[in-house]
Amino acid sequence: MPKFFQIAIDGPVAAGCSTVARLVALRLGFLYIDTGAMYRTAALLTLRNNIDLNDEDKVAAIVEKAKIELLNPSESQQDGRLITVLLDSEDISWQIRTDEVSKNSAIVAQYPQLRKVLVSKQQAIAASHDVVMEGRDITFKVLPDADLKIFLTASETVRAKRRHLQEQSKGHDASYQQVYDEMLVRDKRDMERAIDPLQIVPDATVIDTSDLHIKQVVDIIEAKAVAIKNK
Ligand code: C5P
């Protein structure tokens with residue numbers, strides 16, 4: 001069986017993981033997998049089917065049965081999305097980006113059973129594609145043998161500023177302080193999660209993006225990947 005090339009990227013909220021991962025995938029012609037989109041899809045499924053958010057068994061069971069496909073956006077899907085998400089063939093790429101889905105995805109992401117289901121779906125994708133996979137547990141749980149492991153980070157103020165700008169561009173009027181405080185809550189949840197908390201593995205390259213342009217970060221990762229491929 002051919003061995004596919006795996007780039008694993010982890011990092012906290014607003015470290016730039018999604019944008020960077022998508023651009024690296026474009027440069028290398030790899031599939032970009034935003035694993036957060038899968039936790040969001042789990043939350044959407046729970047909402048749509050009126051499943052009790054606290055019923056861990058049911059949440060995991062419905063997600064296990066669902067067909068979730070993550071695709072690089074096609075020519076006709078260039079509407080600002082970084083990834084196209086199909087749930088049982090329906091395009092839900094934007095429906096998973098609402099505030100309600102965001103909030104619920106953070107809750108279901110705490111469930112060990114659901115994480116097991118999604119990790120195995122993610123591993124199945126990486127077994128048959130060259131991937132740039134990004135999330136909160138990729139370097140140490142989903143793809144512990146990845147060819148290249150990256151931990152992206154940035155200072156709290158830079159991340160909060162980026163997030164605040166994103167919120168403003170969506171027309172939300174949350175204050176900077178609100179965004180900053182919510183970000184710290186999310187960080188705490190990711191890093192103190194009972195199962196697979198966000199962590200930096202010893203063989204990951206840590207890139208602090210606070211003072212870097214996106215292109216510089218993409219260049220660094222691409223160069224590392226090419227060097228490993230040509231070894
Ligand atoms: O990154 P994004 O905001 O889309 O992630 C949605 C939710 O899923 C977040 O609460 C995040 O912490 C969680 N998540 C996770 N493990 C991943 C990816 C995302 O717990 N691999």
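Because the structure is predicted, anything quoted here is derived from the model rather than measured. Just follow the structure's listing: the first ligand is 1, and inside any ligand the first atom is 1.
- In the hydrophobic clustering, V217 connects to F5, I7, I9, V20, L23, V24, L26, L28, F30, V132, L148, I150, L152, I207, L212, I214, V218, I220, I221, V226, I228, either directly or through intervening members, whenever side-chain heavy atoms lie under 4.5 Å apart.
- With a 4.5 Å cut-off on side-chain heavy atoms, R163 and V13 count as touching.
- A salt bridge does not link E222 to K224: none of the charged side-chain nitrogens sits closer than 4.0 Å to a carboxylate oxygen.
- Looking only at side-chain heavy atoms (C-beta outward), E156 and L184 come within less than 4.5 Å of each other.
- Sorted by chain and number, the residues within 4.0 Å of ligand 1 by heavy atom are T35, G36, Y39, R40, S105, A106, A109, R115, G135, R136, D137, R186, D190, R193.
- A 4.5 Å side-chain heavy-atom check between F151 and P12 finds at least one atom pair inside the cut-off.
- Ion pairing of D137 with R115 is present here, as a side-chain N (NZ or NE/NH1/NH2) and a carboxylate O approach within less than 4.0 Å.
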